[in-house]
Amino acid sequence: MNELVFSYRFEKILSVRTMEKNEAVNSYHQAVRRFEEAAQGLYRLLKEKEELEAEREKRIRDGLSVERLREFQRYLANLQREIDHYQQLVIRARDKMNEEYRRLVEKNVEVKKYERMKEKDYQMFLQLEKWKETKDLDEISSRSALRRNGW
């Protein structure tokens with residue numbers, strides 16, 4: 001019995017598109033990781049600020065010196081600058097993550113398109129092979145019948 005060999009005409013393109021999709025998956029995961037790191041940094045700073053403000057209020061009630069209050073204010077101002085910086089990092093990281101997600105979806109759609117085309121081509125290949133086999137069998141039986149009848 002002869003082995004059926006299916007060759008997809010766009011196999012190289014599908015291979016390249018699949019590789020691009022895999023790269024897009026990796027880029028997306030890296031972007032998600034950077035977003036999470038920035039968001040965690042922001043959360044840590046906001047929590048620190050909240051705790052520091054609570055500590056300042058407690059100390060004010062207990063009788064905090066003016067000099068110590070100024071130190072708290074300077075530290076809070078520096079902390080706020082760092083928070084502002086991290087907020088920008090989070091915004092940029094979120095934008096990058098969304099951009100990478102859109103790219104991933106686009107690459108995934110391209111790969112699916114070529115995979116569907118490959119599946120359709122394969123089904124057509126199978127139908128053609130079945131038709132050829134039926135034709136060959138018909139021809140063999142016709143020759144056989146002709147030989148039996150003396151032709």
Side-chain angles (χ1 to χ4, degrees), residues 1-59 71-151:
M1 178 109 184
N2 60 348
E3 186 74 24
L4 295 180
V5 177
F6 172 69
S7 177
Y8 180 50
R9 60 191 165 158
F10 298 122
E11 190 65 43
K12 287 183 180 178
I13 295 173
L14 175 58
S15 177
V16 168
R17 295 296 186 247
T18 301
M19 188 175 64
E20 289 173 348
K21 181 189 114 180
N22 292 338
E23 289 171 1
V25 166
N26 290 335
S27 294
Y28 174 68
H29 287 304
Q30 288 175 0
V32 167
R33 185 181 45 77
R34 283 190 296 271
F35 171 75
E36 289 172 346
E37 288 170 359
Q40 288 171 353
L42 177 60
Y43 175 77
R44 179 184 49 79
L45 291 171
L46 289 171
K47 187 165 178 58
E48 182 181 346
K49 179 182 176 187
E50 181 181 310
E51 290 169 356
L52 189 62
E53 287 175 336
E55 176 69 20
R56 181 188 63 185
E57 293 303 315
K58 179 183 177 292
R59 292 216 177 161
E71 287 176 20
F72 265 105
Q73 290 306 107
R74 279 193 299 273
Y75 188 77
L76 276 173
N78 288 335
L79 191 58
Q80 185 59 51
R81 279 192 290 281
E82 200 171 348
I83 287 170
D84 293 343
H85 172 71
Y86 264 83
Q87 285 174 331
Q88 291 304 310
L89 286 178
V90 167
I91 290 168
R92 285 194 300 274
R94 182 184 304 118
D95 290 345
K96 179 69 172 169
M97 182 180 67
N98 290 335
E99 176 186 322
E100 291 297 335
Y101 180 75
R102 283 189 293 276
R103 185 172 159 257
L104 172 59
V105 168
E106 177 184 301
K107 295 298 179 185
N108 196 41
V109 166
E110 287 180 31
V111 168
K112 292 290 183 196
K113 178 177 66 173
Y114 281 101
E115 287 174 341
R116 281 192 302 271
M117 287 172 44
K118 181 177 182 176
E119 182 59 32
K120 286 179 183 180
D121 283 0
Y122 182 67
Q123 292 304 319
M124 286 177 55
F125 168 78
L126 291 178
Q127 287 176 349
L128 181 60
E129 289 299 314
K130 187 175 180 181
W131 177 80
K132 286 179 186 177
E133 186 179 317
T134 303
K135 182 180 164 203
D136 290 346
L137 289 174
D138 286 348
E139 190 175 314
I140 291 170
S141 66
S142 293
R143 285 183 191 166
S144 224
L146 287 174
R147 276 192 218 123
R148 271 186 265 128
N149 293 332
W151 290 89

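Just so we're clear, the structure is a prediction, and the values are computed from it rather than from any experiment.
- With 3.5 Å as the limit, one finds a donor-acceptor pair spanning the side chains of Q123 and E119.
- Salt-bridge check for E37 with R33: passed, with a basic side-chain N closer than 4.0 Å to an acidic carboxylate O.
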Checklist entry - Run the side chain to side chain contact (heavy atoms under 4.5 Å, CB included) check on F10 and K113 step by step: do they pass? => result CA-CA 11 Å; F10 298 122; K113 178 177 66 173; over 6 Å; no
Next on the checklist: Pair R56, Q73 - check side chain to side chain contact (heavy atoms under 4.5 Å, CB included), show working.
Outcome noted: CA-CA 9 Å; R56 181 188 63 185; Q73 290 306 107; 2.5 Å; yes
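- K96 has its side chain out of reach of R92: every pair of non-hydrogen atoms, C-beta onward, lies at least 4.5 Å apart.
- For the residue pair D84 and Q80, a side-chain donor N or O sits within less than 3.5 Å of a side-chain acceptor on the partner.
- Expressed to the nearest 0.5 Å, how far CG of N22 lies from CG of L104 amounts to 9.5 Å.
- Looking at E100 and R103, a side-chain N of the basic residue comes within less than 4.0 Å of a carboxylate O on the acidic one, giving a salt bridge.
- Across V111 and L14, no two heavy atoms sit closer than the pair O-CD1, 3.9 Å.
- Salt bridge absent: E139 and K135 never bring a charged side-chain N and a carboxylate O closer than 4.0 Å.
- Two residues are said to be in side-chain contact when any heavy atoms from C-beta on lie closer than 4.5 Å; E82 and Y86 meet this criterion.
- No side-chain heavy atom of R102 sits less than 4.5 Å from a side-chain heavy atom of V105.
- A donor-acceptor contact shorter than 3.5 Å is absent between the side chain of S15 and the backbone of E11.
- A 4.5 Å side-chain heavy-atom check between K132 and L128 finds at least one atom pair inside the cut-off.
- Listed here is the closest heavy atom pair of L79 and L45: CD1-CD2, 3.7 Å.
- Taking the six-membered ring where the residue is Trp, Y8 and F6 present parallel rings, their angle staying beneath 30° rather than reaching 60°.
- Relative ring orientation between Y28 and Y101 is described as tilted, the plane-to-plane angle lying within the 30° to 60° band.
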Checklist entry - Hey, mind stepping through E23 and N26 against side chain to side chain contact (heavy atoms under 4.5 Å, CB included) and telling me if it holds? => result CA-CA 5 Å; E23 289 171 1; N26 290 335; 5.6 Å; no
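- With values rounded to the nearest 0.5 angstrom, E115 atom CD is found 8.0 Å from N108 atom CG.
- Rounding to the nearest 0.5 Å places CZ of F35 at 10.0 Å from CD1 of I91.
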